[in-house]
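Labels below follow one simple rule: chain letters A, B, ... track the order of the sequence lines, proteins then strands, and each chain is numbered from 1. Here the structure is a predicted model, which is why all the values come from computation and not from measurement.
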There are 2 protein chains.
Amino acid sequence: MSDAGVVAERIVPRRNTSAAQARVIGASLELFARHGVGRTSLQMIADAVGVTKAAVYHQFRTKDEIVIAAAEAELASLEGVVDAAEAESSRTKARGVLVLGIVDLAVEHRRPVSIFLSDPDVVQYFAEHEPFRHVMDRLCRVLMGQTIGHEERVSTAILTAAISGVVMHPLVAGLDDDTLRSELQQLTRRLLPPMN
Amino acid sequence: MSDAGVVAERIVPRRNTSAAQARVIGASLELFARHGVGRTSLQMIADAVGVTKAAVYHQFRTKDEIVIAAAEAELASLEGVVDAAEAESSRTKARGVLVLGIVDLAVEHRRPVSIFLSDPDVVQYFAEHEPFRHVMDRLCRVLMGQTIGHEERVSTAILTAAISGVVMHPLVAGLDDDTLRSELQQLTRRLLPPMN
DNA sequence: GTCTATATATAGATAGAC
DNA sequence: GTCTATCTATATATAGAC
């Protein structure tokens, strides 16, 4: 984004994730989405990876660490989309790329993306999570323009909440990906203010 | 609704709920919202009510029964709003009452309302729950008109998902009820098609 | 309708060998 | 990096007295 005036920096700490850790995160993401965080046990995670609980505990010291790592992996996907948007030459293009990217993420992940906003503990965690707030601010800036205030944040919350909420709503459970994608794109058009 | 052509019937089975059962449901609703369904134990519920686990098990045979009863209590609140809307004399008035009612429910309950769409088990349960689908269809009809199709259902999903999603979004955690309410009302105006 | 007491399973987590 | 074995706490659930 040429007119950003701010260097796009990735502050989400993508600490060097080993292959073993990545397997745990991947399995956890699926299980969290299917059963909820609280109802997913370390035994279930270990079974899904194909190792014992002790092996999982060798990669992460507590279950909470797994939850956080999984949530941050989802956040990293989102940040990738924001990166791509900010790399565009105009704000109009940037916004288009961002919206398409968010919709794609939501549709592809379907329920995993919901972890962000569904589990109370995760919500609580992210509410106080500086990297999350930073990514959301960057996202907000691409959508709404340079001046971020109270109202812009709420609008951004509405857009992202609506998208995440729709993909996991019982009423759209039977919808195929393409239809869902196009409905969500229509939705964003109605929710976003016109470009100026 | 005079032009409904369909008798409004309450099919949500509000089985005779004893006072003791109501206390359990109320406490559970709060705890589920705060900690998630899976992380809420029967001990926590019993403590919140001020009795022992055994007393709770006298009211409900399993934890799942409590989850279902709590979810149906939330559904009953929603159905109350739909009832009120359908009692209006015109569709314009009905839609206004319905939207105001849904927003009020969401704001007052804040996180409890999210149980519907947050816990994967509850989502799964409602997706196959006939009374839920019936209430959603009635809601959909008030919002979108008599002809309910694929597209109308998705629009309804979007509206309710957006509202539920927003109230529990980290970005609006610090917002007072009145501001949140007015933002949500603006939201519904943007999402609903104009009355014809 | 509520209690004490208990059965049984599983949770999260650790020790130490390979 | 993974294992077996184990600790301890807590989970769901039940039996039977008051």
Side-chain angles (χ1 to χ4, degrees), chain A residues 14-74 115 118-126, chain B residues 14-73 115 118-125:
Chain A
R14 264 311 65 206
R15 52 158 163 265
N16 308 337
T17 306
S18 71
Q21 284 176 325
R23 281 196 298 275
V24 171
I25 292 173
S28 301
L29 233 23
E30 270 197 50
L31 290 167
F32 290 162
R34 192 169 2 254
H35 305 287
V37 175
R39 281 179 171 168
T40 300
S41 68
L42 265 110
Q43 188 63 66
M44 291 160 76
I45 295 172
D47 288 348
V49 177
V51 297
T52 62
K53 277 193 294 182
V56 175
Y57 271 109
H58 183 75
Q59 308 299 334
F60 298 94
R61 274 160 51 180
T62 64
K63 185 185 174 183
D64 276 358
E65 275 192 19
I66 299 176
V67 175
I68 290 172
E72 282 178 346
E74 286 287 276
I115 297 171
S118 69
D119 186 273
D121 290 328
V122 176
V123 169
Q124 178 67 18
Y125 173 71
F126 270 124
Chain B
R14 263 315 61 208
R15 50 158 163 265
N16 310 336
T17 305
S18 71
Q21 284 177 324
R23 282 196 297 276
V24 171
I25 292 174
S28 301
L29 232 24
E30 272 196 46
L31 290 167
F32 291 162
R34 196 175 350 259
H35 306 287
V37 175
R39 282 178 170 169
T40 300
S41 68
L42 266 111
Q43 188 62 65
M44 291 161 75
I45 295 172
D47 288 348
V49 176
V51 297
T52 62
K53 279 190 295 181
V56 176
Y57 272 109
H58 182 74
Q59 308 299 335
F60 298 94
R61 276 161 49 180
T62 65
K63 184 185 174 184
D64 275 357
E65 274 192 19
I66 299 177
V67 174
I68 290 172
E72 281 177 347
I115 296 171
S118 70
D119 188 274
D121 291 327
V122 176
V123 169
Q124 178 66 19
Y125 173 71

- Task: Specify the separation, in whole Å, of atom NE2 of B/H58 and atom C1' of D/dA15.
- Result: 14 Å
- Query: How far apart are the closest heavy atoms of A/V122 and A/A71, and which atoms are they?
  - Reply: CG1-CB, 4.4 Å
- Closest heavy-atom pair and its distance - B/Q21, B/N16: OE1-O, 3.7 Å
- Message: If the condition is side-chain hydrogen bond (donor to acceptor under 3.5 Å, both in side chains), which residues does A/R23 pass it with, not counting sequence neighbours?
- Response: none
- Quick one: what's the B/S/- string for nucleotides 13-18 of chain C, heavy-atom cutoff under 4.0 Å, read 5' to 3'? BBB---
- For B/Y57, check ring pair (Phe, Tyr, Trp, His ring centres under 6.0 Å) against everything at least two apart and list the hits. none
- Task: Measure from NE2 on A/H35 to C1' on C/dA11 and round the result to the nearest Å.
- Result: 16 Å
Taking distance alone, no hydrogens or angles, what donor-acceptor pairs closer than 3.5 Å link side-chain atoms of residues 44-56 of chain B to residues at least two apart or in another chain?
| unit_1 | atom_1 | unit_2 | atom_2 | d |
| --- | --- | --- | --- | --- |
| B/D47 | OD1 | B/Q43 | NE2 | 3.0 |

- Message: OP1 or OP2 of C/dT2 versus the side-chain N and O atoms of B/Q59: is any pair under 4.0 Å?
- Response: yes
- Is the phosphate of D/dA11, meaning OP1 or OP2, less than 4.0 Å from a side-chain N or O of B/S41? yes
- Mind checking A/T52 for me? I need base, sugar-phosphate or nothing, with any heavy atom below 4.0 Å counting as a touch. base
- Nearest-Å distance, CG (B/D47) to P (D/dT10)? 12 Å
- Message: So does B/L31 get a backbone contact from the side chain of B/T40, meaning a donor-acceptor N/O pair under 3.5 Å?
- Response: yes
- Here the distance between atom P of D/dT2 and atom CZ of A/F60, to the nearest Å, is 12 Å
- Item | Length of the line joining A/Q43:CD and D/dA9:P, which is rounded to integer Å | 20 Å
- Message: Once you apply a heavy-atom cut-off of 4.0 Å, does A/R23 come out as touching a base, just sugar-phosphate, or nothing?
- Response: sugar-phosphate
